[in-house]
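Right, one structure below, let's go through it.
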2 protein chains.
Amino acid sequence: MVDERTKDWSGCPVRFGMSQFGDKWSFLIIRDLMFKGRRYNHEFMEAGEGISTNILARRLVDLERNGIIQKKTDLVKKSKFVYSLTEKGIELMPMMLAMMDWAEKYDPNTEVPESFIKRLRKDPEALRLDLLKDLQE
Amino acid sequence: MVDERTKDWSGCPVRFGMSQFGDKWSFLIIRDLMFKGRRYNHEFMEAGEGISTNILARRLVDLERNGIIQKKTDLVKKSKFVYSLTEKGIELMPMMLAMMDWAEKYDPNTEVPESFIKRLRKDPEALRLDLLKDLQE
DNA sequence: AATATACACTTGCTTTTAGCAAGTAAAATT
DNA sequence: AATTTTACTTGCTAAAAGCAAGTGTATATT
């Protein structure tokens, strides 16, 4: 978060979470990294929700400073930067999956594939470990 | 959320969640209702984070409109209003618990009691059902 | 080698939202 | 009847978001 007021909100776990990733754009960036395989600046831009370039830049800096994502120079194209989730960021997956489970119930227009939600509800841990593979390379 | 731009963000589950409860004050109100037993306007005010009266009023209206909380006149004092989580709101508990689990790991100043986190990690479903009792009366 | 293009921001400006203090109205207490 | 409590509402200021255009560096094209 950019909000100076809440930067040091530790103590309460919910408040701490909010101070670390508690705004809609941060959640969407985490989603992109965690489930959509997006890793580059322009990929976040093209995600569809229409984030502004300056806001994206700020969120990426914040999330990196909070240790949730990391920025590295791309191994192939050395001029590009690759973003990825840190261990700390990856560990947000259970929370994200719980949110998706909830949203599937209450959003009549949900895009969550039925196969995904079935796997999530049958064996969330197996799904989590499976998704994890794509994040660690 | 108050943001007119994201009011109808359905489809993507994360985006949908953000449009329904995706700001720090909403999360804190849900926390208060879910884990702290707070149910009255003034109790949210006194929660400690220092929410402004106008912002609280707006968030309560938004959360009610989104069907996450409900406002009723207090049975004892008929002039007062009691807020409570709806079924839809209660079902956010797994997400909230996952967030708490995460925060306990990464916040060095966490206030999450060790007994709570032990129960959460050992048998989250049992803890959830236990917490549920306090919400349904 | 020079020009063009892509990429990742940065800057300046406008609009929106948050935050703060004071005010209001209805009900409850004294 | 007067005061206090409760739950907002209003008006103003400050902060953040949003938008369009610009900048600098590296790669690609001619």
Side-chain angles (χ1 to χ4, degrees), chain A residues 1-9 15 18-29 32-33 37-66 69-84, chain B residues 1-9 15 18-29 32-33 37-66 69-84:
Chain A
M1 299 223 69
V2 181
D3 192 343
E4 288 295 316
R5 235 167 293 259
T6 64
K7 214 163 56 180
D8 298 322
W9 265 11
R15 202 173 55 201
M18 289 303 99
S19 72
Q20 293 263 310
F21 54 78
D23 90 296
K24 67 179 193 234
W25 295 122
S26 300
F27 270 94
L28 294 178
I29 293 167
D32 285 351
L33 286 162
R38 300 192 179 110
R39 281 171 301 178
Y40 298 98
N41 190 300
H42 73 272
E43 290 180 318
F44 302 126
M45 289 300 302
E46 292 155 9
E49 282 88 6
I51 188 169
S52 303
T53 55
N54 53 349
I55 301 298
L56 174 58
R58 281 236 285 276
R59 289 297 177 279
L60 290 172
V61 168
D62 291 343
L63 287 170
E64 193 188 4
R65 200 184 49 210
N66 291 334
I69 66 172
Q70 58 197 153
K71 181 184 184 175
K72 290 178 177 170
T73 52
D74 192 46
L75 290 173
V76 188
K77 287 191 182 182
K78 285 182 185 175
S79 72
K80 288 180 94 178
F81 294 112
V82 210
Y83 293 92
S84 58
Chain B
M1 302 223 66
V2 180
D3 192 344
E4 287 295 317
R5 236 166 291 256
T6 64
K7 216 163 51 181
D8 298 321
W9 264 13
R15 202 173 54 200
M18 289 302 99
S19 72
Q20 293 261 311
F21 55 79
D23 89 297
K24 67 178 194 236
W25 295 122
S26 300
F27 269 94
L28 294 178
I29 292 167
D32 284 352
L33 286 163
R38 300 192 180 111
R39 282 170 298 178
Y40 297 98
N41 190 301
H42 73 273
E43 292 181 317
F44 302 127
M45 288 300 301
E46 292 154 7
E49 283 89 7
I51 189 171
S52 304
T53 56
N54 54 349
I55 302 299
L56 175 58
R58 281 235 287 273
R59 289 297 177 277
L60 290 172
V61 167
D62 290 342
L63 287 170
E64 193 187 6
R65 199 183 49 209
N66 290 334
I69 66 174
Q70 55 198 154
K71 181 185 185 175
K72 290 178 178 171
T73 52
D74 192 45
L75 290 173
V76 188
K77 287 190 183 184
K78 285 183 182 172
S79 72
K80 288 178 93 177
F81 295 113
V82 210
Y83 292 93
S84 59

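Both backbone and side-chain heavy atoms feed into the values below; hydrogens, waters and symmetry mates do not. In what follows, chains carry the letters A, B, and so on, assigned in the order in which the sequence lines appear, proteins first and then strands, with residues in each chain numbered from 1.
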Report summary line: Ranking Ser52(A) and Leu60(B) by the position along DNA chain D of their nearest nucleotide, the one closer to 5' is Leu60(B)

Query raised in the report: When the nearest nucleotide of DNA chain D is assigned to Val61(B) and to Glu46(B) on a heavy-atom basis, which residue is associated with the more 5' position?
Result: Glu46(B)

Within the structure, does a side-chain N or O atom of [X] lie under 4.0 Å from either OP1 or OP2 of [N]?
X        : N       : value
Lys24(A) : dA16(D) : no
Asn41(A) : dC9(C)  : yes
His42(B) : dT5(D)  : no
Arg58(B) : dT9(D)  : no

[N] [atom2] sits how many Å from [X] [atom1], rounded?
X        : N       : atom1 : atom2 : result
Met45(A) : dA6(C)  : CE    : C1'   : 14 Å
Tyr40(A) : dC7(C)  : OH    : P     : 11 Å
Phe44(A) : dC7(C)  : CZ    : C1'   : 14 Å
Ile29(A) : dC9(C)  : CD1   : C1'   : 14 Å
Arg39(A) : dA8(C)  : CZ    : C1'   : 17 Å
Met18(B) : dA17(D) : CE    : P     : 15 Å
Glu49(A) : dG18(D) : CD    : P     : 12 Å
Asn54(A) : dA21(D) : CG    : P     : 14 Å

Closest nucleotide among [options] to the [X] side chain:
X        : options                  : value
Thr53(B) : dA21(D), dT9(D), dG18(D) : dT9(D)
Tyr83(A) : dA8(C), dG19(C), dC9(C)  : dC9(C)
Arg59(A) : dA17(D), dT6(D), dC20(C) : dA17(D)

[atom2] on [Y] to [atom1] on [X], rounded to 0.5 Å:
X        : Y        : atom1 : atom2 : value
Leu28(B) : Phe44(B) : CG    : CZ    : 11.0 Å
Lys72(B) : Arg39(B) : NZ    : CZ    : 12.0 Å
His42(B) : Leu56(B) : NE2   : CG    : 11.5 Å

Query - N/O donor-acceptor pair under 3.5 Å between Asp32(B) side chain and Arg38(B) backbone - result: no

Requested in this report: Using side-chain contact (heavy atoms from CB on, under 4.5 Å) as the criterion, point out the one residue from Ile29(A), Leu63(A), Leu33(A) that pairs with Tyr83(A).
Outcome: Leu33(A)

